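Worksheet: the structure to be examined is printed underneath.
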Amino acid sequence: MFIQTLVTGLAIGGIYALMAVGYSLVFSILNFSNFAYGSIIMLGAYIGYYVLMHMGVPLALSVLISIVGAAMLCFANERLAYSTLRKRNASSLYFMISAMGTSIFLENLVYATIGSRFYAFPEILTQQNVSFGGVSLGLLDVFAIVFSAVAIYGLHYFLQKSKTGIAIRAASYDMQVCQLNGVNVNKVIGWVFLLAGALAGISGMFLGMKYMVYPTMGWITNKAYIAAVIGGLGSLPGAVVGGLILGVLETFVSAYVSSVVRDVFSFSLLVILLLVLPTGLFGKFLEEKV
Amino acid sequence: MLEYVSGIITFSLIYVIATVGLAVFTGFTGLFSLGHAAFFAIGAYTAGILTYFYDVNFWAALTAGIAVSSLVGVIIGYPTLRAKLRSDYFAIATLGFGEAVRVLLENLDITQGARGLPGIASETTLPIVIVLTILVLWVARNFVHSRYGRAAIAVREDFVAAEMMGINLFQVRMRSLVFSAGCAGLAGGLFAHYVSFIQPGMFTAALSTQLTASVVAGGMGSITGPTVAAVLFVAVPEALRMASMWRLVAYGFLLVAIMVFRPQGLFGFREISWQSCVRCFRRKPAAAGGGAGE
């Protein structure tokens with residue numbers, strides 16, 4: 001029971017970590033909370049569902065299409081809603097409002113056009129179980145753990161080794177100096193949003209398969225924000241650790257206490273953490289930049 | 001017909017009360033609250049439960065609603081504002097807070113869960129709401145023009161400089177948070193006693209959004225701007241009978257469009273007063289020039 005809960009928690013934590021990394025990636029470079037991220041995840045899930053169910057594309061390919069689609073959406077979101085603010089050097093409050101607006105716009109557009117129906121993925125993966133050492137696990141959970149690990153490691157490798165990755169890290173450290181050294185910041189930011197969108201596509205597919213596809217499913221990114229705060233806003237390793245911690249703790253709370261108090265628990269955790277460890281585990285920015 | 005019109009006015013004025021509270025907080029301290037619906041809900045449920053189960057007097061229940069939501073404002077503000085965190089932390093904390101309150105309301109016994117509280121005494125009338133709205137506007141105006149309000153404006157513009165001048169950042173932010181939580185609580189209490197049925201589903205993030213949209217569209221740093229925006233945002237869709245989902249689509253679009261094209265909001269930092277109206281009619285260019293110079 002204990003190990004079972006732990007592994008289920010890790011699977012959920014892996015998805016939280018994916019979302020939190022995507023969110024932190026944008027935060028680390030533009031220094032604002034991208035509240036539109038949840039809607040991108042939701043749209044990624046819709047794209048994947050549509051392609052899989054209505055166009056008869058195989059599952060692996062539809063995951064890929066969902067990743068590409070979400071990445072393009074995230075990129076478009078930046079160009080339409082944030083780039084003007086960026087040129088004007090607006091404060092992060094304006095970015096946050098714009099992100100909030102995007103999120104509400106997209107979510108309700110889906111409500112108004114596609115409808116509030118819940119769509120379920122075919123139960124190919126959720127029904128199958130793998131068992132080892134007396135622990136029985138859904139195949140989907142295993143996939144979630146493996147896939148999250150691979151995606152996060154891939155991102156890490158990209159950021160460490162590729163030229164664009166180095167530019168992203170430099171820009172997140174100091175955008176202006178980076179620009180002075182001849183980095184095309186516009187392009188770098190475009191890349192950041194593409195990468196974040198790709199992660200949104202993966203997590204959207206997993207969330208859709210694990211739960212269902214519906215307009216407000218993006219609200220689960222609240223957990224990603226909390227995970228990012230636990231790890232420290234803007235820190236990628238922090239986002240991974242925060243996501244895993246939150247996922248495991250939540251699963252234990254729902255298993256041993258009650259699933260009702262789970263959300264209240266996550267929020268209390270956030271507030272307690274802000275009291276004792278305001279920077280999070282790996283945080284770098286404590287106060288607002290002037 | 002008359003009843004319908006007075007209903008719309010009552011509704012919009014209730015939202016005006018909550019919007020003015022949020023305008024004092026977001027507009028004058030530069031912090032962004034995403035969970036204001038929770039304060040609204042706490043006010044509504046406190047007042048509703050008191051009159052429904054305990055037969056408390058309407059006015060006492062309203063006061064209790066204001067008190068409890070202000071108190072919750074203190075509880076939530078203390079840890080989050082104490083540490084002088086980035087505004088993002090605060091926004092995320094309020095986001096979580098809003099969701100947590102909704103989950104609690106859905107699962108507590110006294111709130112009767114998702115079924116809600118039907119048949120709360122219908123005590124809110126148009127005259128009461130008008131008087132309370134004027135009172136709240138007056139208090140907010142005085143608050144903004146007082147020493148505390150000017151300190152809040154200084155904090156919004158440049159909190160490092162403000163702190164160097166000896167302004168207590170925590171105290172200023174806390175004071176306006178408590179004020180705005182109290183306003184939301186009052187609006188909630190009035191709402192509960194007007195529609196006489198409340199359920200957790202009424203106080204979702206959509207409500208927080210509507211309040212934020214009014215403040216942003218009306219102009220951050222103005223009291224009258226958000227008031228006008230709140231009236232427009234409630235009355236126009238209601239009168240045109242637009243489906244609520246398209247209304248929310250429009251809110252989202254408006255928020256982005258305003259940030260991109262007119263970040264100071266419709267009214268900017270200006271207040272609508274008798275003088276500005278007169279000036280507007282007499283010499284158009286002067287008024288326009290005053291608006292452009294931020």
Side-chain angles (χ1 to χ4, degrees), chain A residues 27 31-33 35 80-85 88 90-109 111-113 116 216 219 222-223 225-226 228-229 233 258 260-272 274-275 278-280 285-290, chain B residues 26 30-32 34 75-76 78-80 82-93 95-104 106-107 156 158-161 204-206 208-210 212-213 215-216 220 243-261 263:
Chain A
F27 189 94
N31 267 312
F32 80 100
S33 287
F35 291 122
L80 292 174
Y82 308 140
S83 63
T84 353
L85 299 179
R88 213 194 298 131
S91 79
S92 80
L93 181 72
Y94 292 95
F95 278 97
M96 270 199 279
I97 294 170
S98 194
M100 197 67 207
T102 313
S103 150
I104 293 148
F105 174 71
L106 291 177
E107 198 173 280
N108 288 288
L109 197 66
Y111 249 122
T113 52
S116 54
T216 47
W219 277 101
N222 284 358
K223 300 293 173 55
Y225 307 145
I226 295 176
V229 172
L233 283 183
S258 133
V260 165
V261 297
R262 194 188 59 199
D263 290 358
V264 179
F265 165 80
S266 317
F267 166 67
S268 325
L269 185 71
L270 172 71
V271 171
I272 291 166
L274 286 177
L275 264 179
T279 32
F285 308 115
L286 174 60
E287 293 190 10
E288 283 172 79
K289 277 190 181 174
V290 184
Chain B
T26 298
L31 284 176
F32 194 36
L34 296 174
I75 293 170
I76 191 70
Y78 192 82
T80 44
R82 175 94 262 183
K84 277 189 271 170
L85 296 162
R86 295 182 43 93
S87 54
D88 298 79
Y89 284 94
F90 185 78
I92 293 166
L95 194 73
F97 164 66
E99 289 297 290
V101 165
R102 204 172 51 81
V103 171
L104 277 179
E106 268 170 16
N107 292 291
R156 178 191 67 198
D158 188 335
F159 65 91
V160 175
T204 52
S208 303
T209 306
Q210 183 178 354
T212 308
V215 172
V216 172
M220 286 189 287
S244 65
M245 46 178 105
W246 284 105
R247 174 160 72 177
L248 281 167
V249 175
Y251 286 163
F253 183 76
L254 258 178
L255 283 182
V256 179
I258 285 171
M259 285 299 107
V260 171
F261 296 114

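Every chain is numbered from 1, with letters handed out A, B, ... down the list of sequences. On a predicted model such as this, the values are computed, not experimentally measured, just so you know.
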Mind running side-chain contact (heavy atoms from CB on, under 4.5 Å) on Phe267(A) and Val101(B) for me, showing each step along the way?
CA-CA 10 Å; Phe267(A) 166 67; Val101(B) 165; over 6 Å; no
Within the 4.5 Å heavy-atom criterion, are [X] and [Y] side-chain neighbours or not?
X	Y	value
Thr212(B)	Met100(A)	no
Met259(B)	Ile97(A)	yes
Tyr78(B)	Val271(A)	no

What option among Ile272(A), Leu106(A), Asp263(A), Leu270(A) has the most heavy-atom pairs under 4.5 Å with chain B?
Leu270(A)
If you count heavy-atom pairs under 4.5 Å with chain B, which of Leu109(A), Val229(A), Thr216(A), Ile104(A) comes out on top?
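It is Ile104(A).
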Nearest-0.5 Å distance that lies between atom [atom1] in [X] and atom [atom2] in [Y]:
X	Y	atom1	atom2	answer
Trp219(A)	Leu95(B)	CH2	CG	5.0 Å
Tyr94(A)	Ile258(B)	OH	CD1	11.5 Å
Phe35(A)	Phe32(B)	CZ	CZ	7.0 Å

Region of [X] in contact with chain B, defined by heavy-atom distances below 4.5 Å:
X	answer
Thr84(A)	side chain
Arg262(A)	neither
Leu85(A)	side chain

Sequence-distant partners of Thr204(B), side-chain contact (heavy atoms from CB on, under 4.5 Å), two or more places apart
Arg102(B), Ala206(B)
At their closest point, which heavy atom of Leu93(A) faces which heavy atom of Leu31(B), and how far apart are they?
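So the two residues come closest at CD1-C, 4.4 Å.
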List the atom pairs, with distances to 0.1 Å, where a side-chain N or O of residues 248-256 of chain B and a protein N or O form a donor-acceptor pair under 3.5 Å, not counting sequence neighbours.
residue   : atom : partner   : partner atom : Å
Tyr251(B) : OH   : Phe233(B) : O            : 3.0

